[in-house]
Amino acid sequence: MSNLYTLNIEQVTNGIKNGEFTCEEYVSQLMERIKKIDNKINSFITINDNAIAEAQQIDKKIRSSSTVGSLAGIVVGVKDNISTAGLKTTCASKMLSDYIPPYDATVIKRLKDKDAIIIGKLNLDEFAMGSTTEWSHYGLTRNPWNLDYVCGGSSGGSAASIAAQLCTVSLGSDTGGSVRCPASFCSVIGFKPTYGLVSRYGLISYSNSLEQIGPIGKTVSDIRKIMEVISGKDTNDNTTIDTKNKNNNNNNYYDDNNDNKKYNQKIGLLKELINGADKPIYQCIYSAIDRFNEFGFTCEDSSLDSTEYALASYYTIAMAEASSNLARFDNIRYGFELNPDDYEWNTYFSKTRGNFGDEVKRRIIVGTFVLSSGYYGKYYLKAHRVRELIKSELKNLFKKYDLLISPTVPVLPFKIGEKIDDPLKMYLIDIATVLANLAGIPAISIPIGFENGLPIGLQIMADEFQEKKLLDAAELLEKSININSTYPDL
Ligand code: GLN
């Protein structure tokens, strides 16, 4: 069979189950496609050379009619800051260029337990700090829709590889929008779950109070299937939550019996963000709103007064946590490039810490500054107060609205190099996405249109643990717009 790379999870698992093709055939086709196409976009850092052998094992399991997992044969690409046993995990940094984790992240273990195949590790901004995937030690990732444009970030490889149809689904991490921004720029679906729904064990921390691992895929249905497997309590991550006790939908966040239509739900339109978006984005959002009205939702203007403080709060907290989380990279426990005995301590330390790229260094320095005595109250504590304010304003909005919508990113994908020398301009891209991380709530980006061949994404947010409501609404829109049947020519 040809063109297996176009299939979604259900089509792949059914195809394999019904004997239309083998797992080996599917994985081999994707491997060939990666070899042929990925040099154009550079979405992979490392390929798993064992993937075909693993596929053969799954075929063997199927032939011997032993039970296989629900994701048997699905090919998953993984952002290279999520630990994979035996497979290099670099965080797109020189610092970890030869680091091979001795263990799997919980999400990886759960996927493997369901017989999914990890095909390789995907490019990102170094340590997930960035919005375009230009800040990678392994070269930038290009937008599959137009190779001169950025693909978004920091999970750029995870989104570009789905748009280029190089894996069935991928995993990214979202600290301030890193799953949703590249999903929006690449016209695929990216989901950030409620904080605590997915284990962070094995995710190399950038800013632990903000980040969650989230799936990127071609359809909302694929997102549900991955969430079903990767979410839930993990004793290795104390911030994870036992979803069974938290759920108000018969213990099932992800089933696709779609009942939004009956809900008579209300959607709040975040005016500050929608009005501030580029014109084509604004127009696309209003046609999506028309669809929601047709479905029977009530859409109303709403306002989040603290929007203007969100970025300052986010970047202060993110950098503070980064400075502490990245302190462990001292070349003694990781790296091993230099022998400490050959150097005076300070020289040794600045040499090895010099292995970080400029943006990572900038964040460590700013983060250390906002945490230092004398400035702690002025910046770090204040940032936390703003975070609480944003949380409570959002909580209030969710008393009135089931869902909130905004652009995922207020600007269209832009040319490579355009913002790389101006970090402040780069940070502004995240204005709509950081809200969900500050508040710990779920948010999705779904494709709603194109302008001059460049993708546009809509962000939908819901209150914490309202993933079902969120995914149901996203799926209604997805089916009515039907954009995800379009893929770039590569
Ligand atoms: N662009 C944001 C940052 O650089 C978000 C990154 C992320 O979500 N990992 O912090």
Side-chain angles (χ1 to χ4, degrees), residues 41-45 77-82 90-93 121-164 170-192 203-204 206-207 210-214 216 311 314-315 318-319 322 357-360 362-363 407-434 436-437 443 445 454-455 457 459:
I41 58 170
N42 192 36
S43 65
F44 279 85
I45 293 181
V78 177
K79 189 178 183 178
D80 208 21
N81 61 349
I82 300 174
T90 66
C91 282
S93 180
K121 304 302 292 289
L122 298 163
N123 205 4
L124 64 151
D125 288 291
E126 185 177 0
F127 282 98
M129 299 176 189
S131 309
T132 57
T133 318
E134 291 171 288
W135 287 327
S136 163
H137 181 64
Y138 302 92
L140 57 90
T141 298
R142 291 172 186 273
N143 193 317
W145 293 95
N146 185 330
L147 301 176
D148 296 329
Y149 284 71
V150 299
C151 64
S154 66
S155 316
S158 306
S161 62
I162 297 300
S170 65
L171 293 182
S173 66
D174 191 310
T175 314
S178 278
V179 160
R180 290 160 287 153
C181 160
S184 170
F185 278 13
C186 293
S187 196
V188 293
I189 298 175
F191 178 61
K192 180 207 105 63
L203 167 68
I204 299 177
Y206 152 28
S207 178
L210 296 160
E211 61 209 1
Q212 276 288 285
I213 292 171
I216 297 181
L311 276 177
Y314 167 80
Y315 273 98
M319 290 186 194
D358 287 349
E359 180 60 22
V360 175
R362 177 164 29 242
R363 294 190 188 203
T408 307
V409 184
V411 295
L412 290 164
F414 42 89
K415 281 238 165 94
I416 287 168
E418 200 177 301
K419 297 188 201 282
I420 196 162
D421 295 323
D422 190 341
L424 284 181
K425 271 197 195 143
M426 193 71 98
Y427 301 163
L428 284 175
I429 299 171
D430 306 328
I431 177 77
T433 47
V434 296
N437 305 80
S445 177
L454 296 169
Q459 174 172 253

### Task
Taking the side chain as every heavy atom from C-beta outward, state whether F414 and T132 have any atom pair closer than 4.5 Å.
yes

#### Entry: Main-chain N/O of K415 paired to D148 side chain as donor or acceptor, under 3.5 Å
no

### Interatomic distance, L412 atom CG to F185 atom CZ [nearest 0.5 angstrom]
7.5 Å

### Task
Can you measure from OG1 (T133) to CG (N42) and round to the nearest 0.5 angstrom?
10.0 Å

### Message
I'd like to know if the side chain of N143 and the backbone of V150 have a donor-acceptor N/O pair within less than 3.5 Å.
### Response
yes

### Query
Do P410 and I431 come close enough that some side-chain heavy atom pair is under 4.5 Å?
yes

### Query
When you look at CG of D358, are more than 12 heavy atoms from neighbouring residues, nucleotides or ligands closer to it than 6.0 Å?
no

#### Entry: Smallest separation among heavy atoms of C151 and G156, with atom names
SG-CA, 3.6 Å

### Query
Are S170 and L122 close enough, and set up right, to give a side chain to side chain contact (heavy atoms under 4.5 Å, CB included), and what steps lead you there?
CA-CA 9 Å; S170 65; L122 298 163; 3.9 Å; yes

### Query
Rounded to the nearest 0.5 Å, what separation is found between the CE atom of M129 and the CD atom of E359?
8.0 Å

### Single hit among T408, N437, T433, D430 for side-chain hydrogen bond (donor to acceptor under 3.5 Å, both in side chains) with R180
N437

### Query
What's the shortest heavy-atom distance between G357 and E126, and which atoms?
N-OE1, 3.0 Å

### Query
Is Y206 close to N81 at the side-chain level, that is, under 4.5 Å between some pair of heavy atoms?
no

### Task
Looking only at non-hydrogen atoms, find the nearest pair between L147 and R142 and report the distance.
O-NH1, 2.8 Å

## Note on the structure
CG (N123) and OG1 (T141) are apart, to the nearest 0.5 Å, by 3.5 Å

### Message
I need the minimum non-hydrogen distance between P182 and G177, along with the two atoms involved.
### Response
CD-O, 3.8 Å

### Message
Main chain of I416, side chain of E134: is a donor-acceptor contact present, judged purely on distance under 3.5 Å?
### Response
no

### Query
Just how far is it from atom CZ of F127 to atom CG of D80, taken to the nearest 0.5 Å?
10.5 Å

### Message
Quick check: closest heavy atoms across P423 and D421, and the distance to 0.1 Å?
### Response
CD-O, 3.6 Å

### Residues D174, F191; criterion side chain to side chain contact (heavy atoms under 4.5 Å, CB included); working and verdict
CA-CA 9 Å; D174 191 310; F191 178 61; over 6 Å; no

### Task
May I ask you to decide if A432's main-chain N or O and Q459's side chain share a donor-acceptor pair within less than 3.5 Å?
yes

### Query
Just by modelled atom types, is the S178 backbone N or O under 3.5 Å from a matching donor or acceptor in the S155 side chain?
yes

### Query
What heavy-atom pair brings W145 and C186 nearest, and what distance separates the two atoms?
NE1-O, 2.8 Å

### Query
Is a side-chain N or O of K425 found less than 3.5 angstrom from the main chain of K419, in a donor-acceptor match?
no

## Note on the structure
Test side-chain contact (heavy atoms from CB on, under 4.5 Å), reference L171, set I216, I82, L203, V179, output is I82

### Task
Please check if the side chain of D125 supplies one atom and the backbone of A128 the other of a donor-acceptor pair under 3.5 Å.
no

### Task
Hey, could you give me the OG/NZ distance between S158 and K121, rounded to the nearest 0.5 Å?
10.0 Å

